[in-house]
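Report on the structure given below.
Because the structure is predicted, anything quoted here is derived from the model rather than measured. Letters A, B, ... mirror the listed sequences (proteins, then strands); counts begin at 1. Below, each value reflects all heavy atoms present in this structure, side chains not excepted, and no hydrogens, waters or symmetry copies.
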Amino acid sequence: MEYNFKEIEKKWQNYWEENNSYKTREDSNNPKFYVLDMFPYPSGEGIHVGHLKGYVATDIIARVKRAQGFNVLYPMGWDAFGLPAENYAIKTGIHPEITTEKNIGNIKRQMKMVGLSYDWSREINTTDPEYYKWTQWIFLKLFENGLAYKKLLPINWCPSCKTGLANEEVVDGKCERCGTETTKKDIEQWVLKITDYADKLLEGLDDIDWPEKIKEMQKNWIGRSEGWEIKFLVNSKEVSVFTTRIDTLFGCTYLVLAPEHPLIKELDIENRNEVLEYIEKAKNKSERERISEVKDKTGVELKRVKAVNPANNKEIKIFVADYVLSHYGTGAVMAVPAHDERDFDFAKKYGIEIIEVIKGENKKEGAAFIEDGILFNSSEFDNLNSEEGREKIGEYLKKQGKAEKKINYKLRDWVFSRQRYWGEPIPIVHCEKCGMVPASESELPIKLPHIEKYQPTGTGESPLAAISDWVNVKCPKCGGPGKRETNTMPQWAGSCWYYLRYLDNNNKKEIFDKEKEKKWMPVDLYVGGAEHAVLHLLYSRFWHKFLYDLGIVSTKEPFYKLRNIGLILAPDGQKMSKSKGNVISPDQIVNEFGADTLRLYEMFMGPFDQAIGWNTQGVKGVYRFLSKFWDLILECKNEKSSKEIIAEVHKLNKKVNDDLIKMKFNTPVAFFMEFLNFVVGKKEELGKEEIERVLILLSPFAPHFCEELWEKIGHNTSILLEKWPEADSSLFKEEKVFLVVQVNGKVREKVEVDVNISKEEAENVAKENERVKRWTEGKEIEEVFFVPNKLINIVVK
RNA sequence: GCCGAGGUGGCGGAACUGGCAGACGCGUAUGCCUUAGGAGCAUAUGCCCUUGUGGUGUGAGGGUUCAAAUCCCUCCCUCGGCACCA
């Protein structure tokens, strides 16, 4: 009988659906396991084989865990707010709700087509008012707790998407979504105080099992640095600077202010016009220009004004230069050209004095010495090392009220409002009398109104601002005239907490039931792409920690173990993209080879977390394996297997189990292939018990295939009900082993010997071996090394 | 520049704690089968040569060791991330 995957796959997909085979049980007392995929954006193109790689892996884990007796939560949903649906609506006039629904239908079909075992009764959709009601609810909590505030500030603005962006969404000075160069724009924005959680976000990283790479990226993004804030006197006014190198203070020969520094306006500068001109020029530079000019530093001296170095009361020059960032530290720095590369470049260019105050071993001429070392030219602090110097100089200035210890972060607060339509409305009413009034909980959800014109205005207002009967409302507090907030939340809002709603997705009264949260959290395994390292993965940790502080969730971290999916590249080695026309669709592969082949191939390609190019020839190899295996099973008529086969099956069992624990999926597939080759090579049949064991082991990888064979060998219940097998290692204890015989470290022979043979015995066997003798004859044996059951190395002179 | 991951046949990749490098798959070659083959089956397949009881081989060079893809040092390259953060 031929392996007719089309028929089989349809049959079992229907069976699973009819029998609710993948529904999570809430009444079970078995230990829980929560395995989660990063939920997709329902794009019009559906999912490609790259997305599936992660889903298939989690599906395998979910299936194995179920068979091992865990109560598994394995849900799926839709991260459906965002620009593509809105842009599509602008082009076609079709409402995002409609396209979203259609796209969800298509992707859901694809997911079912490959046999993913999601519990669809827990499906969520971030654009569903019943869902975003709770997104808004969390926003209100943030607002109540002072973590959401509105502020006028220069933000990143994408002229193409016509919306403001968060720092995390600007990559290389370009909009993360569309690649357009971003500009700065002063708009009143909603901002979330993620900076309040900087330390908690850092500390939490120690407790979770995440790839080192992602942890590092988050650490760097948060960018904590300890140092001192020092006050410099500038004509009777004070300027604070932040430094991590207070030990170099005696080498500070000038001060630099960022172009935006407020003090500049207050000073009596001789060359005022020149300075203002420079500031104007700096302001007009785009993000990209600033980045590209890193090497060539520019600035203007503020003439007639001087600062005083608090360490030695020397007068020093002051400059304005755009290499100092206004948004970090105090927007002003003490420049120590001898010990800072940037200051060195600048000082060289403008002929400023360079005073060395630190000496060390790796010092090079014509460059700044930036390492720690021993202080000199630093009066009473001479001969201290840098670390001591920092402490002593810091304390010395602190006593005079001129310095204070300070911690700075690179992390900025999260710009949270977008001037677009297709997002969650921010549940705030602006009232002339009462100011910003939050919606009351009973008003939620504040529904997104249906509109005809989706076009962004570009003025910094959302298209919602034009819907007057939606905008104009009564103030919830005083009943007077109020206006709704018309900005919407960013794409990331809904995904910040979706993993919590799966726990209780139909709850109409609360965000979720507390008991359910306690039962299921944290997520035990979270799988998705690394591109979200400082976006979703940081934002959701922030919200989670906030909810933890409110006592709403019981764990400090949402995702205990995280693993990244390596990209699947196109056959040409490039990233798959619609514009390049190199996208491989799962529909195509399933149609030609079947879902089980596709699943197996995606796992077999290579290490899970590595980027690998697609190769349709390789798919055929996996298909051949399934076909041969199919034939083999159906040909077997014997009740019992030989001892050898039994041993091989248990070995396979052990290897598969060992590697699955390590999240290795490519090697188990190879083991199944090796096993098949072994059996075929032996020209022996498999007994029933061994067939069953192998089918159960293979079933998470190729579920339809195994269900069908399970039935064909005489079962009338699903293979899903079978318990996951553990290997019995006593069954594959070898009596004989091949011992590698080396002479001077080179393999010269392999001899079959009894297991656990002693060194002496092995030595005798080896020495008497004809082939070995040819290499040892007439030579003096110096030493013999013996690794039990593996190797013997005879060292001769 | 800094941080992270990596470099093994023609290709994707295996290799536990240092102990037979190249599992498994693709591709290729030869043969069989076939009206036919982009199907199936069998065999071979790291490289080199004088085809042997041979040499050599895991980015390059050095080191430790009886033994190194694996450990140490120096360097090169690729990918990903960050990037004037004082």
Do Y3(A) and F705(A) make the cut of ring centroids closer than 6.0 angstrom?
-> yes
Should the pair [X]-[Y] be classified as a salt bridge under the 4.0 Å nitrogen-to-oxygen rule?
| X | Y | value |
| --- | --- | --- |
| E391(A) | K405(A) | yes |
| R390(A) | E387(A) | no |
| K283(A) | D322(A) | no |
| D199(A) | R224(A) | yes |
| K664(A) | D609(A) | no |
| K349(A) | D296(A) | yes |
| E216(A) | K219(A) | yes |

Is the number of heavy atoms from other residues, nucleotides or ligands under 6.0 Å of K575(A) NZ greater than 12?
-> no
Is V740(A) touching bases, backbone alone, or none of the nucleic acid, heavy atoms closer than 4.0 Å?
-> base
Base, sugar-phosphate alone, or nothing: which one does V787(A) contact when heavy atoms must sit under 4.0 Å apart?
->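 Base: the residue V787(A), judged by heavy atoms under 4.0 Å, touches a nucleobase.
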Shorter than 3.5 Å, N or O on both sides, protein versus nucleotides 41-50 of chain B: list them out with atom names.
none

Under 6.0 Å from the six-membered ring centre of F671(A) and within 45° of its axis: does the NZ or CZ of K655(A) meet both?
-> yes
Do the numbers put R541(A) on top of the ring of W492(A), so that NZ or CZ is under 6.0 Å from the six-membered ring centre and no more than 45° off the axis?
-> no
Measure distances between side-chain N and O atoms of K297(A) and base N and O atoms of C84(B), and say whether any donor-acceptor pair falls under 3.5 Å.
->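 In this structure, the two groups form a donor-acceptor pair.
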Using only heavy-atom distances, determine whether the side chains of [X] and [Y] contain a donor-acceptor pair under 3.5 Å.
| X | Y | value |
| --- | --- | --- |
| D413(A) | T195(A) | yes |
| D345(A) | Y350(A) | no |
| Y328(A) | S225(A) | yes |

Applying side chain to side chain donor-acceptor pair (under 3.5 Å), which residue pairs with at least one partner in residues 666-680 of chain A are found, sequence neighbours left out?
-> D659(A)-T667(A)
Hey, are the side chains of L375(A) and V357(A) touching, using non-hydrogen atoms and a 4.5 Å cut-off?
->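 Sidechains of V357(A) and L375(A): no contact.
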Are OP1 or OP2 of G25(B) and a side-chain N or O of N677(A) less than 4.0 angstrom apart?
->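 For G25(B), OP1/OP2 do have a side-chain N/O of N677(A) under 4.0 Å.
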Looking only at side-chain N and O atoms, does Q742(A) come under 4.0 Å of OP1 or OP2 in A67(B)?
-> no
Watson-Crick or G-U stems involving RNA chain B, each at least 3 pairs long, distances under 3.5 Å, ordered by first number | B:1-7 with B:76-82, B:10-12 with B:24-26, B:27-32 with B:40-45, B:46-48 with B:54-56, B:59-63 with B:71-75
Atom pairs, N/O to N/O, protein against nucleotides 5-16 of chain B, distance under 3.5 Å?
residue, atom, partner, partner atom, Å
G12(B), O2', M605(A), O, 2.8
G13(B), OP1, Q610(A), NE2, 2.5
A14(B), OP1, N666(A), ND2, 3.0
A15(B), OP1, K664(A), NZ, 2.6
C16(B), N3, K790(A), NZ, 3.4

If you find the nucleotide of RNA chain B closest to R245(A) and the one closest to E341(A), which residue's nucleotide is nearer the 5' end?
-> E341(A)
Glycosidic conformation of G9(B), syn or anti, with 90° from 0 as the boundary?
->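 Base orientation: syn.
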Taking it one step at a time, do F593(A) and F5(A) satisfy ring pair (Phe, Tyr, Trp, His ring centres under 6.0 Å)?
-> CA-CA 8 Å; F593(A) 300 100; F5(A) 57 83; 7.7 Å; no
Using atom [atom1] of [X] as one end and atom [atom2] of [N] as the other, report the distance to the nearest whole Å.
| X | N | atom1 | atom2 | value |
| --- | --- | --- | --- | --- |
| E783(A) | G19(B) | CD | P | 19 Å |
| F629(A) | G25(B) | CZ | P | 14 Å |
| H532(A) | G81(B) | NE2 | P | 13 Å |
| F675(A) | C24(B) | CZ | C1' | 15 Å |
| E176(A) | G80(B) | CD | P | 16 Å |
| L600(A) | C26(B) | CG | P | 13 Å |

Got a sec? Which of residues 319-338 of chain A come in under 4.0 Å of RNA chain B, heavy atoms?
->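 Nucleic-acid contacts, sorted: Y323(A), V324(A), L325(A), Y328(A), V333(A).
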Where along nucleotides 52-59 of chain B does protein come under 4.0 Å, by heavy atom, of base (B) or sugar-phosphate alone (S), with - for untouched nucleotides?
-> -BSSS---
